[in-house]
Visitor: 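This is the structure, below, for whatever I ask next.
Just so you know, ligand 1 is whichever comes first in the structure, and atom 1 is the first atom listed for that ligand.
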Amino acid sequence: MTYEYILTETPAPGVGLVRLNRPQALNALSGPLMREVFDALEAFDRDPEVRCLVLTGSDKAFAAGADIKQMEAAGQVEMLSGDDFTDWSRLSRLRKPLIAAVSGWALGGGCELAMLCDMIVASETAKFGQPEITIGIMPGAGGTQRLTRAVGKALAMEIMLANRHLTAQEALHYGLVNRVAPVDSYLTEAIQLAEKIAGMPGVAAQMIKAAVNKAFELSLSEGLDYEKQSFYLLFGTEDKAEGMQAFVAKRAPQWKHR
Ligand code: CAA
């Protein structure tokens with residue numbers, strides 16, 4: 001598959017990497033670019049050799065938001081009938097863990113895209129923000145909901161109402177990102193984290209991801225019930241038998257990812 005706005009590779013065993021590649025527009029998230037992102041990540045999600053996904057941009061910009069030039073002429077009819085943001089939920093349906101490796105600008109839709117990922121590894125230069133109000137609109141791809149859940153109401157309000165940017169260190173402090181690394185090593189760190197996850201039993205990894213994400217959708221009792229059923233289901237996997245046998249025999253497990 002050849003793409004125009006992204007690059008794909010498998011930089012480590014079990015790891016599928018998608019890189020946004022529209023540098024002249026700071027990776028502004030046009031409709032065609034996003035469709036390539038969805039297609040490429042879904043292809044890795046279906047690939048049995050891949051067990052963890054990484055999404056990155058350039059050192060200068062993860063993504064500077066939805067494409068303002070594409071939206072400039074649009075009215076509400078075009079926006080409603082095009083309904084591009086419903087498509088973004090395709091990322092929520094990926095079964096394999098997805099890590100965002102973020103450097104430079106992660107603004108508007110760029111910040112929302114990073115927050116749609118399961119984990120974020122940031123470079124020291126990463127800057128997160130939701131500046132939509134400065135062009136007369138508001139976040140439309142999850143910012144009001146996911147950022148508020150991530151950093152709390154008061155700070156989320158300031159970020160969205162006063163166009164406050166969060167530095168990488170602030171994002172780490174507030175729990176928006178997993179870790180911060182120098183700009184020349186954040187991607188390597190993200191790939192190493194992905195490789196470590198890819199080396200875990202794949203079915204368990206997918207079920208953990210699904211259960212953690214349910215914590216944002218369900219009541220505590222429903223979430224606990226979901227977790228318990230998933231836990232019991234894993235007892236039907238070959239990797240459960242192998243993992244426990246290997247522990248008892250004091251040897252390393254050989255995962256089959258089934
Ligand atoms: N859409 C389209 N083009 C964009 C863009 C965007 N979101 N962000 C940057 N670009 C383009 C610029 O127009 C410029 O193109 P030209 O060279 O053809 O003029 C190029 O990328 C480089 O940008 P700048 O010259 O502006 O670079 P800078 O270093 O001076 O500034 C920046 C960087 C602060 C990120 C600035 O580009 C900026 O403010 N961008 C817009 C950020 C924004 O408002 N994002 C929210 C978009 S709306 C949204 O995302 C809705 C949603 O919820 C999904």
Side-chain angles (χ1 to χ4, degrees), residues 3-7 18-39 41 55-94 98 100-117 120 122-151 153 155-168 170-171 176-177 183 186 216:
Y3 296 107
E4 192 175 345
Y5 302 110
I6 63 169
L7 302 168
V18 173
R19 183 191 287 276
L20 308 176
N21 187 34
R22 206 187 160 208
Q24 71 284 4
L26 301 180
N27 291 331
L29 304 169
S30 64
L33 178 146
M34 286 307 294
R35 280 189 283 282
E36 291 189 357
V37 170
F38 303 143
D39 289 348
L41 287 172
L55 177 63
T56 195
S58 69
D59 292 348
K60 186 174 177 197
F62 177 70
D67 191 321
I68 299 169
K69 291 169 186 167
Q70 181 187 311
M71 292 187 296
E72 188 192 358
Q76 70 204 74
V77 173
E78 288 85 353
M79 293 307 285
L80 281 166
S81 56
D83 193 17
D84 284 348
F85 293 154
T86 292
D87 266 0
W88 286 44
S89 62
R90 286 169 68 181
L91 296 183
S92 309
R93 291 195 290 275
L94 295 170
L98 170 60
V102 175
S103 186
W105 300 110
L107 296 181
C111 185
E112 291 166 310
L113 182 59
M115 291 190 294
L116 259 163
C117 299
I120 303 177
S123 90
E124 286 166 345
T125 67
K127 288 171 284 295
F128 298 87
Q130 298 286 164
E132 289 88 346
I133 195 165
T134 67
I135 52 169
I137 55 170
M138 62 180 281
T144 61
Q145 305 305 301
R146 291 198 176 89
L147 188 62
T148 305
R149 282 167 164 79
V151 305
K153 173 180 159 181
L155 183 59
M157 287 280 189
E158 187 180 339
I159 291 167
M160 287 180 262
L161 291 172
N163 190 24
R164 171 165 168 191
H165 292 172
L166 288 188
T167 64
E170 287 173 324
L176 184 65
V177 309
V183 72
Y186 74 99
F216 295 93

Visitor: Between the candidates F85, W105, W88, which shows the shortest non-hydrogen contact distance to atom 34 (C) of ligand 1?
Guide: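 Looking at heavy atoms only, W105 sits closest to atom 34 (C) of ligand 1.
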
Visitor: To which of E112, K69, Q24 does the heavy atom nearest atom 19 (O) of ligand 1 belong?
Guide: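 Among E112, K69, Q24, the closest heavy atom to atom 19 (O) of ligand 1 comes from K69.
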
Visitor: Is the closest side-chain heavy-atom distance between D84 and D87 below 4.5 Å?
Guide: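 With C-beta onward as the side chain, the pair stays apart.
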
Visitor: Applying a 4.0 Å heavy-atom criterion (strictly less than), which segment of A66 is in contact with ligand 1: side chain, backbone, both, or neither?
Guide: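 A66 to ligand 1: contacts from backbone and side chain alike.
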
Visitor: Does the protein come close to atom 8 (N) of ligand 1 - that is, does one of its heavy atoms sit below 4.0 Å from that atom?
Guide: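 There is a protein heavy atom less than 4.0 Å from atom 8 (N) of ligand 1.
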
Visitor: Would you verify that at least one protein heavy atom lies under 4.0 Å from atom 26 (O) of ligand 1, or report that none does?
Guide: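 Given the 4.0 Å limit, the answer for atom 26 (O) of ligand 1 is no, no protein heavy atom qualifies.
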
Visitor: Under a 4.5 Å cut-off applied to non-hydrogen side-chain atoms, are R90 and D39 in contact?
Guide: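 Sidechains of D39 and R90: in contact.
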
Visitor: Which atoms of ligand 1 have any heavy atom of P139 under 4.0 Å away?
Guide: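 By the 4.0 Å cutoff, the relevant atoms are 53 (O).
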
Visitor: So is Q130 in contact with ligand 1, going by heavy-atom distances below 4.0 Å?
Guide: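 Judged by the 4.0 Å heavy-atom criterion, Q130 does not count as contacting ligand 1.
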
Visitor: Short list, please: which atoms of ligand 1 are under 4.0 Å from a heavy atom of A25?
Guide: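 Numbered from 1, ligand 1 contributes 4 (C), 9 (C), 10 (N), 11 (C), 21 (O).
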
Visitor: How about atom 36 (C) of ligand 1: does it have a protein heavy atom within less than 4.0 Å?
Guide: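 Given the 4.0 Å limit, the answer for atom 36 (C) of ligand 1 is no, no protein heavy atom qualifies.
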
Visitor: Does atom 39 (O) of ligand 1 have any protein heavy atom closer than 4.0 Å?
Guide: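 No, because not a single protein heavy atom sits under 4.0 Å from atom 39 (O) of ligand 1.
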
Visitor: Going by the atom numbers of ligand 1, which of them fall below 4.0 Å from some non-hydrogen atom of G140?
Guide: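 It comes down to these atoms of ligand 1: 52 (C), 53 (O).
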
Visitor: Which donor-acceptor pairs under 3.5 Å do the side chains of residues 134-145 make with protein atoms, sequence neighbours left out?
Guide:
{"unit_1": "T134", "atom_1": "OG1", "unit_2": "P131", "atom_2": "O", "d": "2.6"}

Visitor: Using heavy atoms and a 4.0 Å limit, tell me yes or no: is G143 in contact with ligand 1?
Guide: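 So G143 does not count as touching ligand 1.
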
Visitor: Does any N or O in the side chain of E36 come within less than 3.5 Å of the main-chain N or O of L33, such that one atom is a donor and the other an acceptor?
Guide: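 A pair under 3.5 Å: no.
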
Visitor: Can you tell which part of A28 has a heavy atom less than 4.0 Å from ligand 1: side chain, backbone, both or neither?
Guide: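 Side chain only; the backbone of A28 stays clear of ligand 1.
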
Visitor: Mind checking side chain to side chain donor-acceptor pair (under 3.5 Å) for D67 and listing every partner two or more places apart, or none if nothing turns up?
Guide: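 D67 satisfies side chain to side chain donor-acceptor pair (under 3.5 Å) with R22 only.
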
Visitor: Under 4.0 Å between a side-chain nitrogen and a carboxylate oxygen: does that hold for E170 and R164?
Guide: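 Looking at E170 and R164, the cut-off is met.
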
Visitor: May I ask whether atom 44 (O) of ligand 1 is less than 4.0 Å from at least one protein heavy atom?
Guide: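 Looking at atom 44 (O) of ligand 1, one finds that a protein heavy atom does lie closer than 4.0 Å.
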
Visitor: Under 4.0 Å from a heavy atom of G109: which atoms of ligand 1 are those, numbered in the order shown and with their elements?
Guide: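 This gives 49 (C), 50 (O), 52 (C), 54 (C) as the contact atoms.
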
Visitor: At under 4.0 Å between heavy atoms, is it the side chain or the backbone of M71 that contacts ligand 1, or both, or neither?
Guide: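 The answer is the side chain.
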
Visitor: So, S89 side chain and S92 main chain: donor-acceptor pair closer than 3.5 Å or not?
Guide: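 Not confirmed, S89 side chain does not pair with S92 backbone.
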
Visitor: Has S103 got a side-chain atom pairing as donor or acceptor with V183's backbone, closer than 3.5 angstrom?
Guide: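 Answer holds: no.
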
Visitor: For ligand 1, which atoms, with element, lie under 4.0 Å from some heavy atom of E132?
Guide: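 Answer for ligand 1: 48 (S), 49 (C), 50 (O), 51 (C), 52 (C), 53 (O).
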
Visitor: Hey, which of L107, N27, L55 is the one that makes side-chain contact (heavy atoms from CB on, under 4.5 Å) with F62?
Guide: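 Among L107, N27, L55, the one meeting side-chain contact (heavy atoms from CB on, under 4.5 Å) with F62 is L55.
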
Visitor: Give me the residue, atom name and distance of the protein heavy atom closest to atom 23 (O) of ligand 1.
Guide: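 Going by distance alone, atom 23 (O) of ligand 1 is nearest to L26 CD1, 3.6 Å.
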
Visitor: Please determine if I68 has a nitrogen or oxygen closer than 3.5 Å to a nitrogen or oxygen of ligand 1.
Guide: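 For ligand 1, there is an N or O atom that lies under 3.5 Å from one belonging to I68.
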
